[in-house]
Student: 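Attaching a single structure in structure tokens format; questions to follow.
Keep in mind the model is a prediction, meaning the values are calculated, not measured. Both counts, for ligands and for their atoms, begin at 1 and track the order of listing.
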Amino acid sequence: MTPTDTQLEFTSEVKAATQPIYERLREVIPEVEWPIHAPLIARINELKAERNAALVVHNYQVPEIFHGVADYTGDSLGMAQFGADTDAEVIVVCGVRFMAETAKILSPEKTVLLPDMAAGCSLAASITGADVRALKQEHPGVPVVTYVNTYADVRAEADICCTSANAVKVVESLGTDKVIFIPDEYLGKYVASQTDVEVILWKGACEVHERFTGDELRTYRQSHPGIEIIAHPECPPDVLNEADFVGSTSGMIQHVADRRPADVVLVTECSMSDNVAVEFPDVNFVRPCNLCPHMKRISLPKILRALETLEPAVDVDPETASKAKLSLDRMLAVGRASSSS
Ligand code: 13P
Ligand code: SF4
């Protein structure tokens, strides 16, 4: 038996320490599952303090991570801002690899852990630094805006990064009449619909959001008259045309908080509805379930293992990192759009 195993019992102390967390999660986690999660949550929270570690958690993580162990929860932009500002010596990124690379590039002196290094992203996998160099040759002098859902070699070739929370603002900040926008074709089309700047696109897509259709949303309108449809801009144009609001994951949550609709559908990865429903018991969440297999690689046992061993740690080649940091710093200087729709 390993030291960890001996600590993972659902003792009366663990039950008492985690009961307030469970009371919030009762509607989304069956009681029979709590004895599995609770000892992990209790131990992770102890180890975080011992390691001076901060857990930075994306909105798509499962509720036991999102509500059980996070120091920060939010969208890609918020995670980047928190990672840059925190005094913690260790950052555990509960998200995917491009998010962990962001944290490492902004804080090279810190240990940045990603509990499962195979947590990728179909957008990040769709383009390389060599592809960006070829695009720049094809369109000389046109600035490159890269969605932050890319790896360091791509960001190193770009002029500025953006996230879904600030893409329009970033594109307009450049003051040019044309930009190359990589790699999300649908986000790029959405940006083009919101600005006069001409947008040269790349054919990347998010494997989760590209599966939604406008027809699917119209059936929700029929079954739930008056439903508020809130969509992520990685969705195809026919989905965004059907939506009442378009925004980053945190923008979507803020919209629910502001509007408190009776019925709502969050057209995005499906764990987010569970996480948000906990905060808004008066709102009925219609829940289509498109899972991100990369986000779902992160689990409580893997987070615990990462804190125990301080592995796997993310590393980015220093030369690439310093070029990529310029693109990230320029984005952080632009900030979040005042309205994310
Ligand atoms: P945001 O949380 O930044 O909106 O990004 C969504 C996403 O798909 C991240 O992988
Ligand atoms: Fe990438 Fe889409 Fe998963 Fe986000 S939800 S990590 S964009 S594949």
Student: Identify, for atom 1 (Fe) of ligand 2, the protein heavy atom at the shortest distance, and state residue, atom and that distance.
Tutor: Cys121 SG, 2.4 Å

Student: Between ligand 1 and Asn59, can you find any atom pair, the residue atom being a heavy atom, that is separated by under 4.0 Å?
Tutor: no

Student: Decide whether the shortest distance between a heavy atom of Met99 and an atom of ligand 1 is less than 4.0 Å.
Tutor: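 Checking ligand 1 against Met99, which is what was asked, there is a heavy-atom contact under 4.0 Å.
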
Student: Regarding Arg155 and Thr102, do their side chains bring together a donor and an acceptor under 3.5 Å, going by distance alone?
Tutor: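 Side-chain D/A pair, Arg155 to Thr102: present.
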
Student: Is the closest N or O pair between Ser164 and ligand 1 shorter than 3.5 Å?
Tutor: yes

Student: With heavy atoms of Leu123 as the reference, note each atom of ligand 2 found under 4.0 Å away.
Tutor: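 Those of ligand 2 that fall under 4.0 Å from Leu123 are 7 (S).
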
Student: Tell me which one of Glu50, Glu9, Glu308 satisfies salt bridge (Lys or Arg N to Asp or Glu O under 4.0 Å) with Arg43.
Tutor: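 Result: among Glu50, Glu9, Glu308, Glu50 is the only option passing the salt bridge (Lys or Arg N to Asp or Glu O under 4.0 Å) with Arg43.
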
Student: Look at atom 2 (O) of ligand 1 and say which protein heavy atom is nearest, naming residue and atom and giving the distance to 0.1 Å.
Tutor: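 I find the closest protein heavy atom is Thr249 OG1, 2.5 Å.
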
Student: Indicate whether any N or O donor in one side chain lies under 3.5 Å from an N or O acceptor in the other, for Ser271 and Asp274.
Tutor: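 Note: Ser271 and Asp274 side chains miss the donor-acceptor criterion.
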
Student: Just wondering, do Leu114 and Ile298 contact through their side chains at under 4.5 Å, heavy atoms?
Tutor: yes

Student: Under 4.0 Å from ligand 1, counting heavy atoms only, is it the side chain of Val208, its backbone, both or neither?
Tutor: neither

Student: Where do Arg211 and Glu216 land on the salt bridge (charged side-chain N to carboxylate O under 4.0 Å, His left out) test, with the steps shown first?
Tutor: CA-CA 10 Å; Arg211 295 211 298 272; Glu216 186 184 347; over 6 Å; no

Student: May I ask whether Glu234 places a heavy atom under 4.0 Å from ligand 2?
Tutor: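 Yes, Glu234 has heavy atoms under 4.0 Å from ligand 2.
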
Student: Does any N/O atom on Thr163 come nearer than 3.5 Å to any N/O atom on ligand 1?
Tutor: no

Student: Are Tyr147 and Ser76 linked by a side-chain donor-acceptor pair shorter than 3.5 Å?
Tutor: no

Student: By number and element, which atoms of ligand 1 are closer than 4.0 Å to a non-hydrogen atom of Met295?
Tutor: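 Listed by number with element: 10 (O).
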
Student: Closer than 4.0 Å to some heavy atom of Ser122 - which atoms of ligand 2 meet that?
Tutor: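 Matching atoms, with element in brackets: 8 (S).
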
Student: With heavy atoms of Tyr60 as the reference, note each atom of ligand 2 found under 4.0 Å away.
Tutor: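 Once the distances to Tyr60 are compared, the set is 5 (S).
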
Student: Atom NZ in Lys323, atom CD1 in Ile105: separation rounded to 0.5 Å?
Tutor: 12.5 Å

Student: Does Met252 come within less than 4.0 Å of ligand 1, judged by its heavy atoms?
Tutor: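 Under 4.0 Å: no for Met252.
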
Student: Are any non-hydrogen side-chain atoms of Asp131 and Trp202 less than 4.5 angstrom apart?
Tutor: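 A side-chain contact exists here, since the closest heavy-atom pair is under 4.5 Å.
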
Student: Can you tell me which residue and heavy atom of the protein come closest to atom 6 (C) of ligand 1, and the distance to 0.1 Å?
Tutor: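 Going by distance alone, atom 6 (C) of ligand 1 is nearest to His232 NE2, 3.3 Å.
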
Student: Before accepting this row, confirm whether a basic side-chain N of the pair Asp159/Arg330 lies closer than 4.0 Å to the acidic partner's carboxylate O.
Tutor: no

Student: Could you state the interatomic distance from CE (Met295) to SG (Cys121), rounded to the nearest 0.5 Å?
Tutor: 7.5 Å

Student: Between His294 and Glu207, do the side chains contain an N or O donor and an N or O acceptor separated by less than 3.5 Å?
Tutor: yes

Student: Show which atoms of ligand 2 fall inside a sub-4.0 Å distance from at least one heavy-atom site of Cys206.
Tutor: 2 (Fe), 5 (S), 7 (S), 8 (S)

Student: Mind checking whether Asp329 and Leu106 have side chains closer than 4.5 Å, heavy atoms only?
Tutor: yes

Student: Can Gln254 and Asp258 be counted as having a side-chain donor-acceptor contact under 3.5 angstrom?
Tutor: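 Per modelled atom types, Gln254 and Asp258 side chains form a pair under 3.5 Å.
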
Student: Under 2.8 Å from atom 3 (Fe) of ligand 2, can any N, O or S atom of Cys292 be found?
Tutor: yes

Student: Who's the nearest protein heavy-atom neighbour of atom 3 (O) of ligand 1, and how far?
Tutor: Ser76 OG, 2.7 Å

Student: Quick one: does Met79 get a heavy atom under 4.0 Å from ligand 1?
Tutor: no

Student: Pull out every atom of ligand 1 sitting under 4.0 Å from any heavy atom of Glu234, numbered as shown with elements.
Tutor: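 In order of numbering, the contacting atoms are 6 (C), 7 (C), 8 (O).
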
Student: Run down the list Thr249, Asn149, Val208 and name the one with the heavy atom closest to atom 7 (S) of ligand 2.
Tutor: Asn149

Student: Using a strict 4.0 Å cut-off to heavy atoms of Ser248, name the atoms of ligand 1 that fall inside it.
Tutor: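 Counting from 1, the qualifying ligand atoms are 4 (O).
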
